[in-house]
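Comments concern the structure below.
These numbers come from the heavy atoms of this one structure, side chains and all, not from hydrogens, waters or symmetry mates. Since this is a predicted model, take the numbers as computed values, not measurements.
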Amino acid sequence: MQLNSIKDAFERVVKKQKLSSSRSQEVIHQVGHEIEQALTQILSAQDPSVPVDKNSILTELRLKLSAVGPVQKLEGSHKELNLNLSKYTKLLERSLNPDISKAYRDVDFDYHIVNQLIANHLYRQGLFDLGDGLVDEAGEPEITIVKSQFTVMHQLLEAMKVKNLEPALSWIRANREQLNHNGLNLELKLHKLQFLEILRTSPANRRAAVTYAQTHLGPFASAASPHKGEVMKLMGCLMYAGRLDVSPYSEFSSPTHWAKAMEDLTGQFCSLLGQSYNSPLSMTMAAGFEGLPTLLKLANVMAAKKQEWQAMKQLPVPVELGKEFQFHSIFVCPVSRDQGSDENPPMLMPCLHVLCKQSIMKLSKSSTRTFKCPYCPAEASVAQCRQLHF
């Protein structure tokens, strides 16, 4: 991958820079040491009646400095550094195309939706002043409803940062009917954190922890509850109040539990608003960054063939994106471009390529003959194909 080669080249430059710096410091130290010795000899004459032969001292200093060869050593180390730095900049020029406008397609955007996406992202991140500025300049007053919702979310998160879980628990109780099963898990996580916080801050007052557990963890400890085992472990923590980090239950003391609870709360809050966990604007930009190298290569290839790729209705090559960008279990046949359905389901061929059933029937002349896979030399029959279920 290009980024790996860039990273390796950068690390070589850093290594050479550290080596060059070390050698330069060593040469400077040697030169300074020789000069200090000569200066000491000149100033060390105790008898003013006995003249100091400064010329001989300076001549000896020149000989020692010549033996050290500071100029040659400094030039050598800097030459190696500059050579690697030059290679690195050339690699950057080859690998990173500064003109990304080639990959731009002139698309008619709905600026109302774009403004909503940006404002939504700013409010989601807690940047309320910036969001307000955009809303005022773009004239999108209806987005302020989103602001009020995300204001509540950030109030809950800010309280959690200072170990105050009551606002978040109150929000869960108020929305318990709307929250899904994961909401119940989040409620248990928050009560667990509060229970452990009582043990940490008041190790001598175990009774307070027991009372809290009876009131809030009891409903999760019933015989039919899938969380009974976890609650039992929490009860074991009572034996190690004040020293939980060196106990058999030390995993409960990890600060990552707080960060994970805040992530879960954010996810549940966004889900309740009918929004995705990740910002749509962030995901869109991330997908664009990942697909940009392929689009730039395509633009260059098509330009060499004197074809206008921007006029194409669909890209002639696939743009591979990671699993984090796959949101729906929908199959589109690469031959017919039709979306899979119950009447036209996706079919797995022996070569492991997938086509829709109608495409396979056309290739096989309605099951009357074997057919060649459009993407590899393998041949198959309809009987060998298996329906896929997403």
Side-chain angles (χ1 to χ4, degrees), residues 1-101 125-127 129-130 157-158 161-163 200-201 242-247 250-251 253-260 262-263 282 285-286 289-290 292-293 296-297:
M1 187 178 178
Q2 286 183 340
L3 290 180
N4 288 334
S5 61
I6 292 174
K7 179 183 177 183
D8 293 340
F10 176 75
E11 290 176 349
R12 285 195 294 270
V13 171
V14 171
K15 184 177 180 180
K16 288 294 182 182
Q17 190 276 332
K18 290 180 179 179
L19 182 60
S20 175
S21 176
S22 176
R23 289 178 178 175
S24 298
Q25 291 294 333
E26 183 179 343
V27 170
I28 292 171
H29 177 75
Q30 285 182 298
V31 171
H33 179 70
E34 296 298 342
I35 292 175
E36 287 177 359
Q37 280 192 326
L39 188 60
T40 302
Q41 290 179 4
I42 293 174
L43 298 176
S44 63
Q46 299 295 327
D47 188 355
S49 61
V50 179
V52 177
D53 190 355
K54 296 181 181 179
N55 290 332
S56 63
I57 294 176
L58 293 176
T59 300
E60 184 180 359
L61 175 61
R62 291 193 193 96
L63 292 173
K64 290 182 178 181
L65 292 179
S66 178
V68 172
V71 176
Q72 294 82 357
K73 288 184 177 180
L74 290 174
E75 284 181 347
S77 61
H78 280 78
K79 185 176 181 180
E80 292 181 15
L81 174 61
N82 290 334
L83 179 62
N84 280 271
L85 188 58
S86 176
K87 290 181 179 179
Y88 179 63
T89 54
K90 290 179 180 178
L91 178 62
L92 287 178
E93 291 175 359
R94 290 196 308 268
S95 303
L96 304 179
N97 190 333
D99 184 14
I100 64 173
S101 63
Q125 299 300 317
L127 304 173
D129 291 339
L130 288 176
L157 295 176
E158 289 299 320
K161 288 180 181 178
V162 294
K163 306 296 179 66
R200 186 185 70 83
T201 57
R243 50 194 179 94
L244 192 62
D245 54 335
V246 292
S247 73
S250 58
E251 74 271 12
S253 63
S254 172
T256 58
H257 292 302
W258 284 89
K260 185 64 170 65
M262 292 175 70
E263 290 179 6
S282 296
M285 295 185 67
F289 293 149
E290 190 163 328
L292 184 60
L296 286 172
K297 287 181 180 179

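Distance check, rounded to the nearest 0.5 Å: CG of L61 to CD of Q37 gives 9.5 Å. A distance of 10.5 Å separates NE2 in H29 from CD in Q25, rounded to the nearest 0.5 Å. One finds the CG atom of L130 at 11.0 Å from the CD atom of Q125 (value rounded to the nearest 0.5 Å). Rounding to the nearest 0.5 Å places NE2 of H78 at 9.0 Å from CD of Q17. How far CD1 of I35 is from OG1 of T40: 11.5 Å, rounded to the nearest 0.5 Å.
With hydrogens and angles ignored, the 3.5 Å screen pairs a side-chain donor or acceptor of T89 with a backbone N or O of S86. The main-chain N or O of S20 is found under 3.5 Å from a side-chain atom of S24 such that the two form a donor-acceptor pair. Not a single donor-acceptor pair under 3.5 Å links the side chain of S22 to the backbone N or O of K18. Looking only at distances, no side-chain donor or acceptor of S250 sits under 3.5 Å from a matching main-chain atom of V246.
Contact detail for R12 and N84: the closest heavy-atom pair is CB-OD1, 4.3 Å. In terms of heavy-atom proximity, Y88 sits nearest to I6 at CE1-O, 3.6 Å. The shortest heavy-atom contact between S5 and L91 is O-CD2, 3.6 Å. For the pair E251 and H257, the tightest heavy-atom approach, listed with the atom from each and the gap, is O-NE2, 2.6 Å. The two residues L74 and S77 have their closest heavy-atom pair at O-OG, 3.1 Å.
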Step by step, would you call L83 with K79 a side chain to side chain contact (heavy atoms under 4.5 Å, CB included)?
-> CA-CA 6 Å; L83 179 62; K79 185 176 181 180; 5.7 Å; no
Kindly indicate, with the supporting measurements, whether the criterion side chain to side chain contact (heavy atoms under 4.5 Å, CB included) is fulfilled by L19 and R23.
-> CA-CA 6 Å; L19 182 60; R23 289 178 178 175; 3.7 Å; yes
Mind running side chain to side chain contact (heavy atoms under 4.5 Å, CB included) on L244 and R200 for me, showing each step along the way?
-> CA-CA 8 Å; L244 192 62; R200 186 185 70 83; over 6 Å; no
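Looking at K161 and E158, a side-chain N of the basic residue comes within less than 4.0 Å of a carboxylate O on the acidic one, giving a salt bridge. We find that K64 and E60 are joined by a salt bridge, their nearest charged nitrogen and carboxylate oxygen being less than 4.0 Å apart.
Within a 6.0 Å radius of NZ in K163, other residues, nucleotides and ligands contribute more than 12 heavy atoms.
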